[in-house]
J.: 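First the structure, then my questions, so here it is.
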Amino acid sequence: MNNDKIFINGLWIDSDSDNFIDVTCPSDGQVFTRIPSGNARDIDLAVNAARASLKGEWGQMVPADRGRLMLKLSALISADAENLAQIEARDTGKPMTQARADIASCARYFEFYGGAADKIHGETIPYLKEYFVSVIREPHGVTGHIIPWNYPAQMFGRTLAPALATGNATVLKPAEEACLSCLRITELANEAGFPPGAINVVTGYGTIAGAALTAHPGLDFVSFTGSPVVGTLVQTASAQFHRPCVLELGGKSPQIIFSDADFDAALPVVVAGIVQNGGQTCSAGSRVLVQRDIYDDFIGQLGARISNLRVGSHQQDLNCGPLISAKQRALVQGFVAQAEKDGLPRIAQATLDTGAPVDGFYVQPALYGPVPEGNPLAQKEVFGPILAAIPFEDEADAIRIANGTDFGLIAGVWTADGKRQMRVAKALRCGQVFVNNYGAGGGVELPFGGVKHSGHGREKGFSALHEFTVTKTIVFKHD
Ligand code: NAD
């Protein structure tokens, strides 16, 4: 595999920097390979290659042919799924079951958007007498993509597939902590026959390669997923060029449990919503809001389920893997230490399996509650498997608490009352609401994105096709 090279203009080449970044397996803390630390000159080369491709074979390709290439890539990903899942699991520490689901999801992105490539229509507008108006959708041009380490393969599909379907030429800067699956999928894209320059991938540090990408004047659009702090930097850099960007910056998503909720349906989904990927999911359900009269009963049952969870290596494939790095573990442990210092009752904690390698970056999933609304555990994105339980009195109180953070990404509402389902779904300030279900990370068909500090713009579904295109209105006058 070409993991010591960067991919520019259809070729695997050495980075200009001659520097490398060690890649560590989170399950055992051991370095097992390295990736190039790309620099500004690599980024410049990549952006120029992307620009040139728009004038070449890629730019001339009709949408149906773009779609065929993407479907071919989807099939190649599916054929290589087990290998890719092994790569992803070792690189991120996520349990094999999760890694397999992520690879299937990546293939699905290319399937969905490959199928859509020749179905992106404009519109006509009735206007004045003797006029004909059409609105067409055009690609932005060169799009930059900066993605995090939590779902490298899924993110590759989520951000690149709609950009390619709409005819953009892309430059991807994956995360330095985990990007090996992205490099393997890039090999497969090359095998599928994407023309040179359509996809360029430069690995490296955010502060070097990422910053160089967002500062490059040759970019027409940026798609960023990661922390709010870096999101601000990306948006500030984009503003220098009045360049649009889509930002997906995480959340503090609530699962709201009303008295009439179906406990048996809700409990496993609430557990999965915080434990999936070790809680390192932007749309993790990290707050569980429970109506006061069922609080003790529901939280008791939830605690029992969390106590039964087992944590181990990606190969052990238990309920929860390690966190991505020692740094991320320290961040999460900081929240736990603060919770203990604040005297928050710890209701339950999962068990670290005795077979888990001692040097892995493990944190045991835990449930704390009742957590005061203003406490950091109720307000801040932990990005780890720590769940905050918060009681509420009535519907208005639930909505107030649910909307009472800086974030607004997704929410879950659990109630049998149909009118309440609709009232609450409408009142929540976020990008997705799941009623009697919850879908952290799932569903390519479903437009996804946040409000407030969770970011802006939409990915997934047809919304992403709109995001990666810009309209042009053409006004014809005839006699
Ligand atoms: P981050 O924002 O630092 O990194 C995300 C991506 O941005 C990476 O590819 C990184 O290399 C790049 N980057 C970093 N600095 C950059 C810069 N100055 N210019 C351009 N690109 C840059 O996130 P992180 O440090 O990996 O994680 C920190 C926190 O961010 C987490 O604890 C979590 O709260 C949040 N996070 C959210 C998501 C999400 O899906 N929304 C994903 C990862 C992390």
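Whatever order the structure lists ligands and atoms in, that order sets their numbers, starting from 1.
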J.: Would you mind listing which atoms of ligand 1 come within a distance below 4.0 Å of any non-hydrogen atom of E381?
T.: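 So the answer, numbered in order with elements, is 33 (C), 34 (O), 35 (C).
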
J.: Could you say whether the N/O atoms of E176 and ligand 1 ever approach to under 3.5 Å?
T.: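 It does: an N or O of E176 is found under 3.5 Å from an N or O of ligand 1.
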
J.: Out of all atoms in ligand 1, which are within 4.0 Å of some heavy atom of C282? Include the element for each.
T.: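 Going through ligand 1 atom by atom, the ones under 4.0 Å from C282 are 39 (C), 40 (O), 41 (N).
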
J.: Just going by heavy-atom distances, which of K327, E248, K380 is nearest to atom 25 (O) of ligand 1?
T.: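 It is K327 that holds the nearest heavy atom.
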
J.: Does a side-chain heavy-atom distance below 4.5 Å link I390 with I401?
T.: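 In short, these two side chains touch, coming nearer than 4.5 Å.
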
J.: Considering both backbone and side-chain atoms of P228, is one of its nitrogen or oxygen atoms within less than 3.5 Å of a nitrogen or oxygen in ligand 1?
T.: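 There is no such contact.
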
J.: Which heavy atom of A350 sits nearest to which heavy atom of V311, and what is that distance?
T.: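 It is CB-CG2, 4.3 Å.
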
J.: Should the proximity of I147 to ligand 1, defined as any heavy atom under 4.0 Å, be assigned to the side chain, the backbone, both, or neither?
T.: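 The part of I147 near ligand 1 is the backbone, not the side chain.
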
J.: Any idea which atoms of ligand 1 are less than 4.0 Å away from a heavy-atom of A175?
T.: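 So the answer, numbered in order with elements, is 9 (O).
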
J.: Is ligand 1 under 4.0 Å from a heavy atom in the side chain of L249, in the backbone, in both, or in neither?
T.: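 Under 4.0 Å from ligand 1, L249 contributes backbone atoms alone.
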
J.: Out of all atoms in ligand 1, which are within 4.0 Å of some heavy atom of F224? Include the element for each.
T.: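 So the answer, numbered in order with elements, is 2 (O), 6 (C), 7 (O).
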
J.: Go through the steps for F241 and H216 under the test ring pair (Phe, Tyr, Trp, His ring centres under 6.0 Å), then give the verdict.
T.: CA-CA 9 Å; F241 305 99; H216 200 291; 8.6 Å; no

J.: Where the closest heavy atom to atom 3 (O) of ligand 1 is concerned, which of N277, V230, L233 has it?
T.: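 It is V230 whose heavy atom sits nearest to atom 3 (O) of ligand 1.
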
J.: Is there a polar contact between ligand 1 and K173, counting only N or O atoms under 3.5 Å apart?
T.: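 Between K173 and ligand 1, an N or O pair is found under 3.5 Å apart.
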
J.: Does a side chain donor of either N150 or N277 reach within less than 3.5 Å of an acceptor in the other side chain?
T.: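 No, N277 and N150 have no side-chain donor paired with an acceptor closer than 3.5 Å.
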
J.: Can you check whether L309's main-chain N or O pairs, donor with acceptor, with N319's side chain at less than 3.5 Å?
T.: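 No; zero donor-acceptor contacts below 3.5 Å.
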
J.: Atoms of ligand 1 less than 4.0 Å from N150 heavy atoms?
T.: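 Counting atoms of ligand 1 from 1, those under 4.0 Å from N150 are 40 (O), 42 (C).
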
J.: Any non-hydrogen side-chain atom of I103 less than 4.5 Å from a side-chain atom of I77?
T.: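 Contact flag for I103/I77 side chains = yes.
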
J.: Using a strict cut-off of 4.0 Å, indicate which atoms of ligand 1 neighbour a heavy atom of Q328.
T.: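 Selected atoms, number and element: 32 (O).
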
J.: May I ask you to decide if R34's main-chain N or O and N3's side chain share a donor-acceptor pair within less than 3.5 Å?
T.: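 Indeed, once roles are kept as given, a pair shorter than 3.5 Å links the two residues.
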
J.: Is a salt bridge present between R100 and E82, judged by a nitrogen-to-oxygen distance below 4.0 Å?
T.: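 A salt bridge is present here (some side-chain N lies under 4.0 Å from a carboxylate O).
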
J.: Short list, please: which atoms of ligand 1 are under 4.0 Å from a heavy atom of G250?
T.: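 Contacts of ligand 1 toward G250, numbered from 1: 41 (N).
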
J.: Using a 4.0 Å cut-off to any heavy atom of W149, which atoms of ligand 1 qualify?
T.: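 Counting atoms of ligand 1 from 1, those under 4.0 Å from W149 are 24 (P), 26 (O), 27 (O).
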
J.: Is the closest basic N to carboxylate O distance between E248 and R158 below 4.0 Å?
T.: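 Salt bridge: yes.
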
